[in-house]
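Each remark here refers to the structure printed beneath this line.
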Amino acid sequence: MTSLKIAFAPEAAERKHKERITGSEAIIHSLLEEGVDTIFGYPGGAIMPFYDKLYLFQDKLMHILSRHEQGAVHAAQGYARASKKVGVCVATSGPGATNLITGIADAMIDSTPLVCITGQVASPLLGTDAFQETDVVGISAPVTKWNYQITKASEIPEVLAKAFYIARSGRPGPVLIDITKDAQFGEFEFEYRKCISLRSYKPVPELDKTQVEKAADLINKAKKPYVLVGQGVLLSGAQAELDAFLKKTGIPAASTLLGLSALPADHPNYVGYLGMHGNYGPNIKTNECDVLIAVGMRFDDRVTGDVKRYAKQAQVIHIDIDKAEINKIIKADCPIIADAKEALQALTAKCEAKTHQDWMNEFKACDEIEFDKVIAKEVYPSSGKVTMAEVIRHISELTSGEAIVVTDVGQHQMVANRYYKYKKPYSNITSGGLGTMGFALPASMGAALGAPERPVIAVIGDGGFQMTIQELGTIFQFQIPVKILVLNNEFLGMVRQWQQLFFEKRYSATEMTNPDFVTIAKGYQIDANRVEHREELKTSLENWLNHPGPSFLEVMVEQEENVFPMVPTGASVSEVRLE
């Protein structure tokens with residue numbers, strides 16, 4: 001069925017018993033064999049045989065009925081990132097399958113492990129433009145790590161075993177499996193064996209110790225070394241290794257958007273957040289360091305600004321598990337193609353114990369400048385309307401920085417990740433690379449189910465909220481205890497900011513006339529309130545956070561509040577604007 005040779009776990013290969021079941025049952029048994037206990041989906045004609053059998057397994061496999069397939073895939077993303085497991089979503093053929101594509105693309109660029117299962121018309125109808133037939137394998141090919149169409153029931157266990165292995169191994173990502181309706185009805189003798197390797201797929205490269213030696217030599221000689229922390233640290237589970245490396249070497253470290261929470265905000269070496277709306281020091285000091293150590297990050301354009309003027313003075317050490325990221329954007333003087341945990345362990349052993357206090361003090365001086373010019377007035381305003389920054393500051397303090405914060409896309413996203421002081425890993429869930437508005441509400445549902453022991457807060461703008469607002473129905477039906485915050489400035493705020501700064505305040509198609517969000521939330525029987533004045537903010541936030549079950553809070557914020565610092569598109573990171 002495939003040109004790739006598959007190796008299976010030996011304990012599974014020793015099984016004697018085989019049971020004759022349908023393809024639909026085989027899907028469910030395969031999921032259970034992989035340890036799946038929660039899936040997100042929406043039924044339809046081509047996937048109906050699966051849902052029929054799912055009825056018999058309700059005690060073993062919880063199905064969360066989203067209100068839209070996009071909600072299902074974003075929920076699976078949130079579940080995967082909070083639980084550190086593979087997220088699973090299910091949809092029918094045609095529009096059901098195509099509605100998953102945005103979330104699949106989001107998962108691909110943000111390295112989120114998903115297995116997406118879609119129903120398909122019966123195999124004799126393939127290619128006939130049958131009702132609700134779409135070539136989802138062709139459509140999804142550019143945005144999946146692997147995809148496959150199953151036309152025979154007997155293929156199901158082997159293909160699903162392979163799907164889970166590919167999704168979770170190496171650099172994680174989404175896999176889509178399209179299953180025809182006749183394959184779901186067909187019968188065969190079921191046996192499941194977990195996949196442990198594929199002949200032509202090597203997800204974890206072998207560490208080149210020569211490169212580690214070279215990197216250590218560069219670091220040991222450096223006067224101003226600087227670490228950029230990406231999501232690869234979290235995906236590798238390398239937080240302890242990063243901590244040990246930083247404490248031994250004394251090197252300052254900044255985080256990308258998706259790397260946030262890999263280091264606690266109060267870590268002695270942590271100097272802040274990188275990127276277009278990141279902190280002042282982490283941006284400008286990129287062009288002053290002499291050795292730049294990038295760990296599990298891909299030099300996204302939101303981090304680099306103008307690549308022709310990015311870190312030209314520095315020797316670049318790039319640690320990444322994905323060979324394709326090396327030299328793709330920034331040339332690496334010392335590439336280390338490896339898992340972040342293994343690379344950091346080896347590098348720490350070779351590096352000398354040092355402090356770089358004078359260099360660290362340069363970042364602290366930048367922090368003082370940023371506080372005076374930006375933070376003081378954003379976080380501690382003395383008059384005017386409530387600001388987004390002061391709302392996030394209160395939430396961070398009230399939760400002691402220990403909540404999972406799921407952000408949508410826009411100004412509120414940047415503000416939340418600037419001012420929430422993360423204390424625990426796997427606490428920041430956002431749409432980074434694709435920037436998908438509508439992500440936060442469904443992703444927060446998945447996060448709350450994936451990490452039920454932790455509080456989950458969804459921070460959303462009034463624009464993005466209305467893109468997936470129907471998922472309030474899912475939250476209501478399943479009583480998912482998400483705390484939903486809408487920061488309402490009655491604008492598409494990030495676009496409006498650009499229009500103000502670069503298009504002479506021509507606010508074209510960005511002003512929002514919004515419905516009564518509180519009434520809508522109450523219509524779903526979710527506790528809901530609105531804040532319009534600073535005097536009621538803190539008490540309202542406390543009540544919202546302490547309410548049992550799901551709760552909703554809308555805060556009316558300053559309409560023309562801008563997010564600074566800002567590195568304009570095409571500018572160098574040295575040209576970061578503070579106003």
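Residues take their numbers from the sequence shown, with the count starting at 1. These values consider heavy atoms only, across backbone and side chains, with no hydrogens, waters or symmetry-generated copies. A quick note: this is a predicted structure, and the numbers were derived from the prediction, not measured.
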| message | Quick one, Asp408 with Met437, criterion side chain to side chain contact (heavy atoms under 4.5 Å, CB included). Give me CA distance, side-chain angles, the key distance, then yes/no. | response | CA-CA 6 Å; Asp408 213 80; Met437 290 178 68; 3.9 Å; yes
Under a 4.5 Å cut-off applied to non-hydrogen side-chain atoms, are [X] and [Y] in contact?
X: Ile475; Y: Tyr524; result: no
X: Tyr419; Y: Ile395; result: no
X: Pro172; Y: Leu235; result: yes
X: Leu65; Y: Arg67; result: yes
X: Ser508; Y: Gln499; result: yes
X: Phe164; Y: Val88; result: yes
X: Gln479; Y: Pro550; result: yes
X: Leu257; Y: Arg302; result: no

Grab the two heavy atoms, one from [X] and one from [Y], that are nearest each other, plus how far apart they are.
X: Ile284; Y: Cys366; value: CD1-SG, 3.7 Å
X: Arg171; Y: Ile109; value: NH2-O, 4.0 Å
X: Pro565; Y: Leu578; value: CG-CD2, 3.7 Å
X: Met414; Y: Val563; value: CB-CG1, 3.9 Å
X: Leu114; Y: Ala80; value: CD2-CB, 4.5 Å
X: Leu61; Y: Val36; value: CD1-O, 3.5 Å

How long is the gap from [atom1] on [X] to [atom2] on [Y], to the nearest 0.5 Å?
X: Ile480; Y: Leu441; atom1: CD1; atom2: CG; answer: 9.5 Å
X: Leu260; Y: Tyr273; atom1: CG; atom2: OH; answer: 6.5 Å
X: Gln70; Y: Cys89; atom1: CD; atom2: SG; answer: 11.5 Å
X: Trp498; Y: Thr569; atom1: CH2; atom2: OG1; answer: 2.5 Å
X: Met276; Y: Met494; atom1: CE; atom2: CE; answer: 8.0 Å
X: Asn99; Y: Ser66; atom1: CG; atom2: OG; answer: 9.5 Å

With distance as the sole test, does [X] use its side chain to make a donor-acceptor pair with the main-chain N or O of [Y] at under 3.5 Å?
X: Gln77; Y: Gly446; value: no
X: Arg530; Y: Val555; value: no
X: Asp37; Y: Lys60; value: no
X: Asn269; Y: Leu246; value: yes
X: Ser551; Y: Asp527; value: no
X: Gln132; Y: Gly45; value: no
X: Thr118; Y: Ser93; value: no
X: Tyr422; Y: Lys424; value: no
X: Tyr42; Y: Gly71; value: no
X: Thr92; Y: Ala46; value: yes

| query | How far apart are the C-alpha atoms of Tyr280 and Val576, what are their side-chain angles, what is the distance that settles it, and do they pass the side chain to side chain contact (heavy atoms under 4.5 Å, CB included) test? | reply | CA-CA 7 Å; Tyr280 180 55; Val576 58; 3.4 Å; yes
With a sphere of 6.0 Å drawn around [atom1] of [X], does it hold more than 12 non-hydrogen atoms of other residues, nucleotides or ligands?
X: Lys538; atom1: NZ; value: no
X: Phe503; atom1: CZ; value: no
X: Gln58; atom1: CD; value: yes

Looking only at the side chains, is there a donor atom on one of [X] and [Y] sitting less than 3.5 Å from an acceptor on the other?
X: Ser540; Y: Asn529; value: no
X: Glu370; Y: Asn279; value: yes
X: Gln413; Y: Thr430; value: yes
X: Gln497; Y: Gln411; value: yes
X: Ser431; Y: Asp106; value: yes

| query | Is it true that the NZ or CZ of Lys285 lies under 6.0 Å from the centre of Tyr226's six-membered ring and within 45 degrees of the ring axis? | reply | no
| side-chain hydrogen bond (donor to acceptor under 3.5 Å, both in side chains) between Asp306 and Ser572: does it pass, once the steps are laid out? | CA-CA 5 Å; Asp306 180 6; Ser572 162; over 6 Å; no
| Full working for side-chain hydrogen bond (donor to acceptor under 3.5 Å, both in side chains) between Arg454 and Ser427 | CA-CA 9 Å; Arg454 298 187 64 189; Ser427 295; 2.6 Å; yes
| task | Verify whether the ring centers belonging to Phe552 and Phe465 lie closer than 6.0 Å. | result | yes
| Checking salt bridge (charged side-chain N to carboxylate O under 4.0 Å, His left out) for the pair Lys364/Glu368: CA distance, chi angles, key distance, verdict? | CA-CA 6 Å; Lys364 291 178 181 178; Glu368 293 174 5; over 6 Å; no
| request: List the steps and the verdict of side-chain hydrogen bond (donor to acceptor under 3.5 Å, both in side chains) for Gln231 and Ser111. | output: CA-CA 9 Å; Gln231 188 188 201; Ser111 303; 4.8 Å; no
| Between Leu274 and Thr286, is a side chain to side chain contact (heavy atoms under 4.5 Å, CB included) present by the stated rule, with each step listed? | CA-CA 9 Å; Leu274 290 162; Thr286 305; 4.3 Å; yes
| field | Residue pair Ile329, Arg298: steps toward the side chain to side chain contact (heavy atoms under 4.5 Å, CB included) verdict | value | CA-CA 8 Å; Ile329 297 170; Arg298 57 188 182 83; 5.6 Å; no
| said: Classify the ring geometry of Tyr310 against Phe299: parallel below 30°, tilted from 30° to 60°, perpendicular beyond 60°. | reply: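 Taking Phe299 first and then Tyr310, their aromatic rings stand perpendicular (interplane angle over 60°).
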| remark: Checking Glu554, Glu490, Gln466 against Asn514 for side chain to side chain donor-acceptor pair (under 3.5 Å), the one that qualifies is Gln466
